[in-house]
Every structure is written in structure tokens, then in C-alpha cells.
Amino acid sequence: DAPPQFGRPVPPPQTGWERLSELWQRDERQRYPEETVNIAKSAFTGGVVGWMYGGLPAFYQARRAFIEGSQGELFQNRADAVQSAHRAGLRSFIRYGWRWSWRVAAFVTIFNTVSTGLSLYRNKTTIGNFASAGAFTGALFRMHLGLQGLAGGFVFGTAFGIPAGGLLMMMQKLAGETLQEKRNRERRELYEQKLAEWQSRLSVTKILGETENNPQEGPETEGVRES
């Protein structure tokens, strides 16, 4: 039997589940797919944006509240008063920034994971994928409020997913192809390259095998002729 490295290359995934399974698998260079990297990047970006959104207003509000509430306090000097105000603002920045950060990061991660999974499973990128991902994520975040909260989260998520998906698709179209089209093209090109290399190695192996057999057949033929 031929060694495993000389086996015929595995064709690109044909079913939705096969494409989904590749989402968390590393390639030959130990790299994750671009879709997975984009999910991680968007989660980090969402966390930073959420921290700024929740932390900066809380910082200024806490700083102003500290200044207004400490008019009668005594400080060693002006620098001591400024530092105390900044410390009060920094505590609020960390506290409220973290609250918004993990929520936004979780929302963006779930939204992108679901929309990417739907695109991979269906093998096409549509507005419906983003709308469904937004509806699922919004409902998931509001389900603890009961049926009314679930419905509200569903509507909010859908309203968020449609424009967000449209913007992402527009950006991908401006780049010449969608992420799904790029992924399919790279899969096809890589398979064709591996198939050509495999066929080349197979032909070389056959030639070597014929070369090894010819010297053995030569002496046997000469012995038959002498007899």
C-alpha cells in the first residue's frame, strides 16, 4: 500500500456540516480559517468599543460628581485634588467600561458566529443570514425578561442584523468578491494544486517502478535465449 502522504488529495467539503467543521480546524500551516480569525478580531474590537462607550461617560460623570461633592474637603494642594478626582473617574471607567465591554463583545461574537455558520452551511452570503443571526442574538440576550423581552430582542436583533449585514456585504463586494466566494476559490485552487502534485508524484513513482523492473527482466531474457 502507498504511504498516506501519497494518497489522493481530499476534495473540498461538499456538505454544509463539512464546511462548518472546517471553521475550527487549522490548516497545514497551523493557521485557523480567515472566518475564525475575523470572529476573534471582531470580538476584540467590540470589547474595546463597548469599554469606551460605557467607560468614558462614567469617567467624566464620576469626576464631575466628585468635584461637586468635595467642595468642603481639604486637600494638601491642587495636584492632590486633581489626582483624587481622576482616581474617582478611573474607578468608574473600569467598573462601567467592563460591564459594557463583555456584553458588546459577547453580542458581536455570537452574531458573527451564527451569521458565518449560516453562510458556510448554505454556501452563500445573504441578508437573510445576518437578519437571522441578529434575531437569534437579540432574543438570546433578552430572553431572561420573559416573552415580551424575547420578542423585543428578536425585533431589535433583526433590525440590527439587516443594515450590519448589508454594510458588510457592500464592503466585500467593493473588494471584488465576498468572503464566501474567496474561501471557495482558495479551496478549489488548493485542491487543484494538490491534485496536480499528487499526479506528478504518482507518475514519477510508476517510472521508478518500471526502471527497477527492467534490469531484472534483462538477465532472465538472455538466459532464455542461451538455452
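- Residue-environment remark: CD (Q148) stays at or below the threshold of 12 foreign heavy atoms within 6.0 Å.
- Between F160 and F107, the ring planes are perpendicular. Angles over 60° get that label, and only those under 30° would be called parallel.
- Closest approach of A131 and I162 over heavy atoms only: CB-CG1, 3.8 Å.
- Both Y60 and L90 belong to a common hydrophobic cluster when Ile, Leu, Val, Met, Phe, Trp and Tyr are linked at side-chain heavy-atom distances under 4.5 angstrom.
- No more than 12 heavy atoms of other residues, nucleotides or ligands sit less than 6.0 Å from atom CZ of F154.
- Atom CH2 of W24 sits about 10.0 Å away from atom CD of E35, to the nearest 0.5 Å.
- Considering all non-hydrogen atoms of both residues, A139 and L150 come closest at O-CD1, 3.3 Å.
- The environment of OH in Y191 is crowded: more than 12 heavy-atom neighbours from other residues, nucleotides or ligands sit within 6.0 Å.
- With a 4.5 Å cut-off on side-chain heavy atoms, F130 and L118 do not count as touching.
- Placement of F136 and Y121 in two distinct hydrophobic clusters is found when ILVMFWY residues are connected by side-chain heavy-atom separations under 4.5 Å, directly or transitively.
- A distance of 16.0 Å separates OH of Y96 from OG of S101, quoted to the nearest 0.5 Å.
- Separating the CD1 atom in I110 from the CD1 atom in I39 is a distance of 11.5 Å, to the nearest 0.5 Å.
- When the side chains of ILVMFWY residues are joined at heavy-atom separations under 4.5 Å, either directly or via intervening members, W102 and I94 end up in a single hydrophobic cluster.
- Considering only heavy atoms from C-beta on, R19 comes within 4.5 Å of R187 through its side chain.
- No donor-acceptor pair closer than 3.5 Å links the side chain of T125 to the backbone N or O of S119.
- In terms of heavy atoms, M169 sits closest to T126 at SD-C, 3.9 Å.
- Linking ILVMFWY side-chain heavy atoms closer than 4.5 Å, directly or via other members, places V104 and Y53 in a single hydrophobic cluster.
- Shown here is W17, whose CH2 atom has no more than 12 heavy atoms of other residues, nucleotides or ligands within 6.0 Å.
- In this structure, R142 and G153 approach most closely via the heavy-atom pair CG-CA, 3.6 Å.
- The two atoms that bring G89 and A62 nearest to each other are CA-CB, 4.0 Å, heavy atoms only.
- Aromatic ring centres of F141 and F156: separated by at least 6.0 Å.
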Please step through side-chain contact (heavy atoms from CB on, under 4.5 Å) for the pair E22 and E18, ending with a clear verdict. CA-CA 7 Å; E22 278 194 345; E18 291 177 349; over 6 Å; no
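- The 12-atom threshold is not exceeded at CH2 of W100, counting heavy atoms of other residues, nucleotides or ligands nearer than 6.0 Å.
- A single hydrophobic cluster is not seen to contain both L120 and L168; linkage of ILVMFWY side chains at heavy-atom distances under 4.5 Å, directly or through other members, places them apart.
- Between R185 atom CZ and R188 atom CZ the span is 8.0 Å, to the nearest 0.5 Å.
- Going from atom CH2 of W51 over to atom CZ of R99 covers 12.5 Å, rounded to the nearest 0.5 Å.
- Residues W198 and L195 are in side-chain contact: their nearest non-hydrogen atoms beyond the backbone lie under 4.5 Å apart.
- Heavy-atom minimum distance, T158 versus A135: OG1-CB, 3.2 Å.
- Within 6.0 Å of the CD atom in E186, the count of heavy atoms belonging to other residues, nucleotides or ligands exceeds 12.
- Of the inter-residue distances, the one linking K124 atom NZ with N129 atom CG reads 8.0 Å to the nearest 0.5 angstrom.
- Under the 4.5 Å side-chain criterion, counting only non-hydrogen atoms from C-beta, F93 is in contact with M52.
- S115 places a side-chain N or O within 3.5 Å of a backbone atom of N112 that can act as its donor or acceptor partner.
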